[in-house]
Each structure stands twice: as structure tokens, then as C-alpha cells.
2 protein chains.
Amino acid sequence: MPTNAARELNPLCEVLQIVGAKWGFPVIAELYKGPQRFNKLQRAIRNINKQSLTDTLRLLEQNGVVRREVFPTVPVTVEYSLTEKGRDFHTVIEAMNLWAAKWGIRH
Amino acid sequence: MPTNAARELNPLCEVLQIVGAKWGFPVIAELYKGPQRFNKLQRAIRNINKQSLTDTLRLLEQNGVVRREVFPTVPVTVEYSLTEKGRDFHTVIEAMNLWAAKWGIRH
DNA sequence: CAGCATCCAAAAGGATACTG
DNA sequence: CAGTATCCTTTTGGATGCTG
């Protein structure tokens with residue numbers, strides 16, 4: 001994640017935190033497919049481990065991008081989904097894709 | 001910078017490399033003001049050191065966002081400026097700003 | 001002036017094992 | 001199932017000094 005220096009560039013800091021987080025995009029991309037439980041997310045995202053997944057979900061939750069819901073089954077079930085704010089994030093992703101497509105990879 | 005995992009999400013990988021780099025935004029922001037020499041950039045960007053500035057400029061240069069021009073004065077003068085691709089990057093920045101403004105910091 | 005080489009400190013990432 | 005705790009490895013960042 002971009003640390004202090006970049007974070008001083010408000011109000012971009014929040015966006016940079018999200019897009020700069022190593023697993024932010026993969027998690028968001030996966031949740032676009034629909035609500036998912038913790039273990040399902042972990043299996044879906046190649047090479048992520050519990051710790052990293054937990055950290056990323058907490059970060060996105062704090063930024064209001066992801067919602068966490070606990071169902072009191074046994075064992076407990078936890079479902080993660082995108083909030084409205086999270087779904088609206090596609091505007092940013094699209095802008096990135098457009099720019100990347102317009103200019104291509106490498107020059 | 002977001003590392004391997006995020007980078008597999010082509011064609012976003014290039015964008016993530018740029019926005020995820022700790023000093024990417026500060027350098028681009030500074031160059032929007034116009035072409036600048038190495039030392040001028042370093043003085044303008046709070047707390048960046050030669051090494052980090054060099055690394056960031058090389059990264060942006062490789063991505064075709066920044067142009068490097070050497071003038072054979074003594075001592076040598078090197079000027080950095082944004083390419084057309086680099087200036088067009090404001091479309092991405094704007095999308096980020098819009099999203100951030102729409103949803104605010106924290107929730 | 002514009003860097004590169006080196007070195008060190010700090011942070012991030014990841015593996016594993018354990019728990020309610 | 002969904003984590004937390006711990007430990008360890010790797011990567012990054014920054015400071016400093018040297019050079020064409």
C-alpha cells in the first residue's frame with residue numbers, strides 16, 4: 001500500500017489505499033461476482049492466505065467498500081459483499097481500463 | 001507498489017504499478033506544473049530522497065508516462081516532463097477524485 | 001548536477017499452528 | 001468455518017557517500 005507520502009494527497013488517499021493494497025483488487029474483483037464466504041474467497045483468489053485475506057477484508061470494510069455479515073450457524077458463517085460504494089468503485093476501474101487500453105502496455 | 005498478485009489483473013497491472021508506487025502520485029503531480037530538473041523535483045517533493053526519486057522516475061519512464069531529456073551542459077542538466085500519455089493520466093485521477101468526493105472519507 | 005552503490009532499519013508478506 | 005497469534009523471510013525505504 002502507498003504509505004505516508006502518497007496518503008497526504010487528500011482526498012485521493014483513500015483510493016490509493018485501496019488500489020495500492022496488494023490484494024485489494026483481487027478481492028474486489030471476486031466480490032463483484034456476488035457475496036461470498038471467507039473460505040470461498042480464499043479458494044477463489046490464487047495464493048492468498050488467511051492472514052492476508054483477513055487484513056484486506058478489514059481494510060475494505062473500514063473504507064466502507066465491503067460489508068461483513070455474520071450468520072449464527074454452527075459453525076459460524078460469515079458472508080462478505082460489496083456495498084453500494086464498493087460497487088460504484090467500478091467507475092474508477094473503468095477509467096483505469098480505458099487509459100490502459102488507449103495507451104497500451106509499454107509506451 | 002502492489003506486487004505480483006495484483007499485477008496479474010491485466011491490463012490494470014500498469015495502472016496499479018503507477019498508482020501503487022509510493023512516490024508515483026507526488027512526482028506526477030509535480031510534473032503537471034511543467035518540466036523540471038532532477039534537483040528541482042527533489043526540493044519540490046517533501047521528504048523524497050535521490051534514490052527514491054530516481055527509482056520513481058525510472059518506473060514512470062518505463063511506463064511511458066515521463067520523458068527524460070539530457071542537455072550536454074557542464075555539469076549536465078536533465079529535464080523531466082510528462083508525455084502525452086502522462087498528461088492523459090488525469091482522466092484516471094479525476095475518476096478517483098470523483099469517487100472519493102461522492103462517497104467521502106470513511107463510509 | 002544528477003545520479004549510482006552501499007548499507008541499515010522498518011514494514012510488509014507469508015507459513016504454520018491453534019481456537020471459539 | 002472463520003478467524004487470531006506467532007514467527008520468520010522478503011521487500012521496501014531511507015541515509016549517506018562517492019563519481020562523471
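If you're wondering where the values come from, they're calculated on a predicted model, not measured in any experiment. The chains referred to below are lettered A, B, ... by the order of the sequence lines, with proteins before strands, and numbering in each begins at 1.
- Between the C1' atom of D:dC1 and the CG atom of A:Leu57 lies a distance of 14 Å, rounded to the nearest Å.
- The side chain of A:Pro75 lies closest to D:dC1 when the candidates are D:dC1, C:dC4, D:dG3.
- For A:Tyr80, whose side chain is taken as the heavy atoms from C-beta onward, the closest listed nucleotide among C:dC1, C:dG3, D:dG3 is D:dG3.
- When the side-chain nitrogen and oxygen atoms of A:Arg58 are compared with OP1 and OP2 of D:dG3, one or more of them lie within a distance under 4.0 Å.
- Of the candidates C:dA2, C:dG3, D:dG14, the closest approach to any side-chain atom of B:Arg37 belongs to C:dA2.
- Listed by chain and number, the residues in a side-chain hydrogen bond (donor to acceptor under 3.5 Å, both in side chains) with A:Thr77 are A:Thr73 (sequence neighbours excluded).
- As judged by a 4.0 angstrom heavy-atom cut-off over every strand, B:Phe71 is placed among residues making no nucleic acid contact.
- The distance from atom CD1 of B:Ile45 to atom C1' of D:dG14 is 15 Å, rounded to the nearest whole Å.
- Spacing between atom CD of B:Gln42 and atom P of D:dT16 amounts to 13 Å, rounded to whole angstrom units.
- Nucleotide D:dA15 holds its C1' atom 13 Å from the CG atom of B:Asn47, rounded to whole Å.
- Rounding to the nearest 0.5 angstrom, the gap separating the OG1 atom in B:Thr56 from the CD atom in B:Gln51 is 10.0 Å.
- Proximity of residues 49-56 of chain A to DNA chain C (heavy atom under 4.0 angstrom from any strand atom) is restricted to A:Asn49, A:Ser52.
- Atom-to-atom, CG of B:Asn39 to P of C:dA2 comes out at 5 Å; the value is rounded to the nearest Å.
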Identify every side-chain donor-acceptor pair in residues 91-101 of chain A under 3.5 Å, counting partners at least two apart or on other chains, and give the distances.
unit_1	atom_1	unit_2	atom_2	d
A:Thr91	OG1	A:Asp88	O	2.9
A:Trp99	NE1	B:Lys85	O	3.2

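- With hydrophobic clusters built from ILVMFWY side chains whose heavy atoms lie under 4.5 angstrom apart, B:Leu31 does not share a cluster with B:Phe71.
- Among residues at least two apart or in separate chains, salt bridge (charged side-chain N to carboxylate O under 4.0 Å, His left out) pairs with a member in residues 55-64 of chain A are A:Arg58-A:Glu61.
- Taking A:Arg37 as the reference, nothing meets the side-chain hydrogen bond (donor to acceptor under 3.5 Å, both in side chains) condition, with sequence neighbours excluded.
- For the atom pair NZ (B:Lys50) and CG (B:Leu57), the distance works out to 12.5 Å, reported to the nearest 0.5 Å.
- Going from atom NZ of B:Lys40 over to atom CD of B:Glu79 covers 9.5 Å, rounded to the nearest 0.5 Å.
- In this structure, A:Lys22 places its NZ atom 8 Å from C1' of C:dG14, rounding to the nearest Å.
- A distance of 11.5 Å separates CG of B:Leu53 from CZ of B:Arg43, quoted to the nearest 0.5 Å.
- Contact annotation: B:Trp23 reaches the phosphate of D:dG14 (side-chain N/O to OP1 or OP2, under 4.0 Å).
- In this structure, the nucleotide among D:dC1, C:dG3, D:dG20 sitting nearest to the side chain of B:Val76 is D:dG20.
- Aromatic ring orientation, B:Phe25 versus B:Phe89: perpendicular (interplanar angle above 60°, classes split at 30° and 60°).
- One interatomic measurement links the two molecules: CZ of B:Arg43 to P of C:dG3, which rounds to 14 Å at whole-angstrom precision.
- Recorded end-axis angle for the helix from C:dC1-D:dG20 to C:dG20-D:dC1 stands at 50°, based on five pairs per end and rounded to 10 degrees.
- A straight line from CD1 of A:Ile48 to P of C:dA12 spans 16 Å, rounded to a whole angstrom.
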